[in-house]
Number of protein chains: 2
Amino acid sequence: MLEIITPMKTAEAREAVLESARKSETEKRGRKASKEVRQLQLIEATIDSLAKRGYSETTMADVADGAGLSRGIVNFHFESKEKLLVATLAYMADEYAAHWRAALTKAGDDPARQLRALVAADFDRSICNKRKLAAWCAFWGEAKSRPTYQALCGARDAAYQKIFIDLCATLKESGGYAYEPQVMALALSAMLEGLWLRLMMGTEDVTRETALQAANEFLSAAFPKHYPWASGSKPA
Amino acid sequence: MLEIITPMKTAEAREAVLESARKSETEKRGRKASKEVRQLQLIEATIDSLAKRGYSETTMADVADGAGLSRGIVNFHFESKEKLLVATLAYMADEYAAHWRAALTKAGDDPARQLRALVAADFDRSICNKRKLAAWCAFWGEAKSRPTYQALCGARDAAYQKIFIDLCATLKESGGYAYEPQVMALALSAMLEGLWLRLMMGTEDVTRETALQAANEFLSAAFPKHYPWASGSKPA
DNA sequence: TATCATTTGTTGAACATTCATTCAGAATGG
DNA sequence: CCATTCTGAATGAATGTTCAACAAATGATA
């Protein structure tokens, strides 16, 4: 069977491969790229197509064209359209998970800093941009009727949710708040997703900055002892 | 040209027509139903199909079968698949808007009660159920690449958003809060949409009750002077 | 009321298009 | 050479749309 690439090794390795994929866009004919590079190239083209045309209008031909390759190529590297889409979603889910884990690690040991870092990470340009948001939303729209998507769409999955709950519990302890950690964590993570949806829609004048500001306002309201600063300002 | 029905007159009229549509499901052949009833019947079947199969797999044949009618019928009442889908989305958007407006009116003049009523209205069974949520999400997934959908998907539109901002501003005034009303309103409405998304996905153990609880927790955190009660309890 | 004509609603088969998949063969690299 | 990668035309299935025929309601006429 086809062995799907496992996209997450390190962020650097990922970038390197992507760089190769980009470079090869100029010299595109013939057998110029490794299997891994080709697959990533096709996945990127798939994200492009999803963002530009939506799920229902994304075709194999469009993906192939977007990658500058021939029609039959996708069925060679991925067996079917379905598998290409699953691989694309898995790729984005891995990327997302790696991103918040990295942010969490970099935030050190202070729970308040960790929570703030997690929230801010959601609005980094690297993962929070029109293209990727549109692709995410395209999958969300199909997730209910496809168990495979549904499982992967929990990028904000059980592990992610558990971190939120634990952090909320810790902050409640140290701040003497009255909230149920589980409930507050749900409210918080739901708001983050909702802000993504708003950003994706792109109506209104909601920007990444506005969205982050709203998320921080939430934090200040929910955990006033830990985030006492006025809206907009940030800690050192 | 085809004159699309305008679905919102009164809630009672709507229900009456739907009732007719339901009744006619038994005696379905021949010319038994008015134009309006048939159109609603087909729209309901479309929502069913969207919920069951997702946007990309919703076909004219499936809609017709779901309504117990023949294949060509949809092109008679709506000119094309595209127009059927637009009519379906418009129907849902109207229903949603009518619902929150009614809730707002019923809440009286107190801003705190109004805001709480708006939030609670979002989780009423009549509009917040698996079927409708799935249909909404199906449209969201396609909205970015279709201006028509994008416009209608703002069921939570400018007017809705403005109400939230005004209410937040009023509460800020009377409660002496420090938040920017616009930002807080964005956080709040985004959270409501995010909770819908979670409900739709249906993973985890998020129920309508849990979601409402989370939303109320948010209100208590953001406006403690106005919603001082502990989580779960409600005012008279 | 009975009969007929016209409008309106409905059907299902035929049609045209789009699209994923297949595959025989070409091109490339080792 | 041999294995691997790639191409592009051919194929077949799925599906939106059209339409000629049919059926039911409505209205006109006597």
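Here is the naming used below: chain letters follow the sequence lines, and residue numbers restart at 1 for every chain. Here the structure is a predicted model, which is why all the values come from computation and not from measurement.
In this structure, L85(B) atom CG and dG16(D) atom C1' are separated by 12 Å, rounded to whole Å. The nearest whole Å value for the distance from the CD1 atom in I73(B) to the P atom in dT18(D) is 15 Å. Summarising the geometry, the separation between CD on E82(A) and C1' on dT21(C) is reported as 14 Å, rounded to the nearest angstrom. Atom pair D65(B):CG and dT15(D):C1' shows a separation of 13 Å (rounding to whole Å applied). At whole-Å resolution of the value, CZ in F76(B) and C1' in dA20(D) are 15 Å apart. Here dG16(D) presents its C1' atom at 16 Å from CD of E57(B), a figure rounded to the nearest Å. Rounded to whole angstrom, the span from the CG atom of L42(A) across to the C1' atom of dT5(D) amounts to 12 Å. Atom CG of N75(B) is separated from atom C1' of dG12(C) by 13 Å (rounded to the nearest Å).
Using a cut-off of 4.0 Å between Lys/Arg side-chain N and Asp/Glu carboxylate O, E142(B) and R53(A) are scored as not salt-bridged.
Side-chain contact check for D157(A) and Y96(A): no donor-acceptor pair (N or O, by modelled atom type) lies under 3.5 Å. T210(B) and T207(B) are linked by a side-chain donor-acceptor pair at a separation below 3.5 angstrom, with hydrogens and angles left out of the test.
The R38(B) side chain lies nearest to dT10(C) when the options are dT21(C), dT10(C), dT5(D). The nucleotide whose nearest atom lies closest to any side-chain atom of L69(A) is, among dG9(C), dT21(C), dT7(D), dT7(D). Of the candidates dT5(D), dT21(C), dT17(D), the closest approach to any side-chain atom of M60(A) belongs to dT21(C). Minimum atom distance to the side chain of K35(A) is reached by dT5(D), of the listed dT5(D), dT10(C), dC6(D). Closest to the side chain of S80(B), out of dT21(C), dG12(C), dT17(D), is dT17(D). Closest to the side chain of R71(B), from the set dT21(C), dG12(C), dG8(D), is dG12(C). Out of dT15(D), dT10(C), dT17(D), the shortest distance to the side chain of T59(B) is found at dT15(D).
Distance check: L186(A) CG to M191(B) CE gives 9.0 Å after rounding to the nearest 0.5 Å.
Atom CD of Q150(A) is surrounded by more than 12 heavy atoms from other residues, nucleotides or ligands within 6.0 Å.
Within the 4.0 Å cut-off from OP1 or OP2 of dC19(C), not a single side-chain nitrogen or oxygen of K81(A) is found.
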